[in-house]
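Report on one structure; see the data block that follows.
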Number of protein chains: 2
Amino acid sequence: MNTVPKSQRQLILSSIRRSLLELESATKVELSDKLEISFPTISKFLTQMEKEEEITSVGLDESSGGRRAKRYTYNPEHTLGLAIFLEKTETNYTIFNCAGEVKEQGNAPSVLVDNGLHLLTELIEKIVTANPSEIRSMAIGVPGAVDHGRIFHIPGYDSFRNFDLKGYYEDYFSRPVVVENDMNVAVVGFNDNSGMKGDPSLVYLYAGHNGPGAGLMVNGKVVRGSTFFAGEVQYVQQYDEQNFGQAIKSGDGNIDATSRLIALFTATINPQTVILCNDEAEQATIEKIEQATAKYIPNEHLPQFETVIGRKIIYSG
Amino acid sequence: MNTVPKSQRQLILSSIRRSLLELESATKVELSDKLEISFPTISKFLTQMEKEEEITSVGLDESSGGRRAKRYTYNPEHTLGLAIFLEKTETNYTIFNCAGEVKEQGNAPSVLVDNGLHLLTELIEKIVTANPSEIRSMAIGVPGAVDHGRIFHIPGYDSFRNFDLKGYYEDYFSRPVVVENDMNVAVVGFNDNSGMKGDPSLVYLYAGHNGPGAGLMVNGKVVRGSTFFAGEVQYVQQYDEQNFGQAIKSGDGNIDATSRLIALFTATINPQTVILCNDEAEQATIEKIEQATAKYIPNEHLPQFETVIGRKIIYSG
DNA sequence: ATCACTTATTAAACGCCTTTAATAAGTGCA
DNA sequence: TGCACTTATTAAAGGCGTTTAATAAGTGAT
């Protein structure tokens, strides 16, 4: 429940991968120092990884007085991932490499219909087999509440309710599958993609058809909430008589309401980044929002603003 | 930076301790199953812990068809902890056992003065040596911003600024020391004390002399924020023209303002518990706040309300 | 009471990471 | 070119948790 002492091998492997991506390139000694794993162990793993072309050598370092060290870099094409967003009107998917570059993008009819599971399975199979390189992980964003890969609240789409989509597809496709609320897939994706150091906090704001929503990550972990209600920001009471949901609908209060929301996040979890995801999110609007937020919060604590068009957001296992 | 592969031994030990406290009592097999650690390893550790009187056997289980299993329980007196809150007007301290029972409580003159470090050291030494049982960990709550045990922002008390209090005392007393913002010590303490399962989210609200504050824990981890601004809830804009700080000062809006704040936390991080810490927090007021909150948020998502008088909050390493 | 069966505990063999020692590869200076 | 020195890599020995096998302790039925 608490500590998951999963295979030490996997732990070492994934920490090497992470560091190698973060550092762009590294020598064995650098990795050993950074990860506090002994040199021989790092050496053994890297040798293996090089044999499998997961990493490649990019030559020798300049000598620092002694024998020159070999420098390695991660091969971003080794691990491809697939992200799928199930939406009311259509299904979006993206294939990307672990450096976050989009390799392919497309859409298909919505699978949120009767017998939708079957449709989704067919879609994924088609994508996976059509792709020359191997797709090694997948993330599925659903418009509902998810607990450990089980969809337990998805208003309107009964055929998926209470279904362990993660377990089902991990068996079916034999590779890691993430199933999350669509907002949460988005934050996780942004984070993995951005190569930020440490375990940052970030907020992903989305103004969709069915009301606004937020995806939250705090200290590097997705926040779902005790009743999976986290991120339902429309309920935040912002004015004497209006909550965020009402204010955003009324139209002209848009900028102030959004900036109040960002101020609120700053004064509570103080994230380092806020991602605005909205088709109308042009640079001019963003700047207005930034300025408006500064009215409420001391300047030095304001988050960094990022924007994303649509949902080209990426997940890497 | 990311994964801290700290000594496996410590990891196993602390997970055994946690489980034993959480389960009240357990057999070797139960621990081995729960923690996914092999039976022989659990056995070795428990034998050692029993020899050192950290755990005690409480007899044999009923047979479930074969040989009867020995059942162990944690000895709460084995590990005593000390929590110290540095305040403007005085210094509070509490000694408690790992079951959260307070063993001793007291206060001393404030050490937030010139040469305060020296005073604090003397105070701790006195407490530690005066106590018959060994105090194995300590937590210090300071009214300022703390990063990895280093106090880097503490308005008004220059003698502590930019000082690595944690490092200093860990060297000096040779035992684990936690230094945190006072709010954060409070949440961590509440959590460790409450024996909650999993990694919960909780919010600790405190209405102190120098304005309101909140301590946040999300997914079991303290939230400090990217600029250590997390929990500065007075900046939340709650009404057309007032933020929380102003509303709470104006007096009569107290209940509505507090309930709006709790609603806001529910609609963002959705914590399972909100702890109200306020001398005036009587049962009647709490109930009014609960009712007021329900106006803003669907009932089933409301957090559990807890109250604490003063700051009798506990930390256990 | 003995036997078949279940379950707890202990003992031995193995695997894997670490620590320590040894070797190889460079550099700079006489 | 050869020697002293630095640094990278490889090899050997040790520690520790796991897996597997063996043993001990109970239970219920014949």
Side-chain angles (χ1 to χ4, degrees), chain A residues 1-20 23-52 54-73, chain B residues 1-20 23-52 54-73:
Chain A
M1 197 84 75
N2 291 321
T3 326
V4 183
K6 75 170 172 181
S7 152
Q8 190 149 3
R9 179 185 165 73
Q10 287 308 315
L11 217 143
I12 293 174
L13 255 178
S14 73
S15 65
I16 291 179
R17 287 200 186 100
R18 230 182 351 205
S19 297
L20 220 38
L23 302 170
E24 303 274 349
S25 73
T27 66
K28 291 177 180 176
V29 175
E30 284 170 8
L31 286 173
S32 169
D33 285 355
K34 179 173 160 67
L35 299 172
E36 296 177 53
I37 293 170
S38 74
F39 187 93
T41 301
I42 295 284
S43 188
K44 202 181 67 179
F45 276 76
L46 288 200
T47 307
Q48 179 63 20
M49 287 165 89
E50 188 177 17
K51 197 180 297 163
E52 289 171 3
E54 186 171 352
I55 59 174
T56 39
S57 165
V58 290
L60 304 174
D61 270 18
E62 285 305 295
S63 168
S64 56
R67 173 169 169 179
R68 297 165 67 186
K70 227 173 167 184
R71 178 162 291 277
Y72 297 89
T73 187
Chain B
M1 197 85 76
N2 291 321
T3 326
V4 182
K6 76 171 171 181
S7 153
Q8 193 148 1
R9 178 184 167 74
Q10 287 308 315
L11 216 142
I12 292 174
L13 256 177
S14 73
S15 64
I16 290 178
R17 287 200 186 100
R18 232 183 349 203
S19 298
L20 220 38
L23 301 170
E24 304 275 349
S25 72
T27 65
K28 291 177 180 176
V29 175
E30 284 169 9
L31 286 174
S32 169
D33 285 355
K34 180 173 158 68
L35 299 172
E36 296 178 53
I37 292 169
S38 73
F39 187 93
T41 301
I42 295 284
S43 190
K44 202 181 68 179
F45 276 76
L46 288 202
T47 308
Q48 177 64 18
M49 287 165 90
E50 188 176 18
K51 198 179 298 162
E52 289 171 5
E54 185 171 353
I55 59 174
T56 39
S57 166
V58 290
L60 303 175
D61 271 16
E62 286 306 296
S63 168
S64 56
R67 174 169 171 179
R68 297 165 65 187
K70 227 172 167 185
R71 177 162 292 275
Y72 297 89
T73 187

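Since we're looking at a predicted model, the values are computed, not measured.
To the nearest angstrom, P of D/dT18 lies 11 Å from CD of B/Glu36. Protein atom CD1 of B/Ile12 is 9 Å distant from nucleotide atom C1' of D/dC16, rounded to whole Å. Taking atom CD1 of B/Ile37 as the reference point, atom P of D/dT19 lies 12 Å away to the nearest angstrom. The nearest whole Å value for the distance from the CD1 atom in A/Ile42 to the C1' atom in C/dC16 is 14 Å. Counting to the nearest Å, the C1' atom of D/dA24 and the NZ atom of B/Lys70 are 14 Å from each other. Remark: P of C/dT7 and CG of B/Asp61 are 13 Å apart, rounded to the nearest angstrom. If you measure from atom CG of A/Leu31 to atom C1' of C/dT18, you get 17 Å, rounded to the nearest angstrom. A/Lys28 has its NZ atom 14 Å from the P atom of C/dA25, to the nearest Å.
With the nearest nucleotide of DNA chain D identified for both B/Phe45 and A/Val29, A/Val29 has the one nearer the 5' end. Ranked by how close their nearest DNA chain C nucleotide is to the 5' end, A/Arg67 and B/Phe39 are led by B/Phe39.
Note on B/Ser38: a base of the nucleic acid sits closer than 4.0 angstrom, heavy atoms only.
Closest to the side chain of A/Pro40, out of D/dT7, C/dT10, C/dT20, is C/dT20.
Put simply, the side chain of A/Thr73 gets close to the backbone of A/Glu24: a donor and an acceptor are under 3.5 Å apart. In this structure, the side chain of B/Ser15 engages the main chain of B/Ile12 through a donor-acceptor pair within 3.5 Å. Judged by distance alone, with hydrogens and angles left aside, the side-chain atoms of A/Arg68 form a donor-acceptor pair with the main-chain N or O of A/Asp61 at under 3.5 Å.
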| message | Applying side-chain contact (heavy atoms from CB on, under 4.5 Å) to A/Lys34 and A/Leu23, what does each step give before you reach the verdict? | response | CA-CA 11 Å; A/Lys34 179 173 160 67; A/Leu23 302 170; 3.9 Å; yes
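Using a 3.5 Å distance cut-off with no hydrogens or angles, the side chains of A/Lys28 and A/Ser43 do pair a donor with an acceptor.
Residue B/Lys44 has no polar side-chain atom (N or O) positioned under 4.0 Å from OP1 or OP2 of D/dC16. Within the 4.0 Å cut-off from OP1 or OP2 of D/dT9, not a single side-chain nitrogen or oxygen of A/Ser43 is found.
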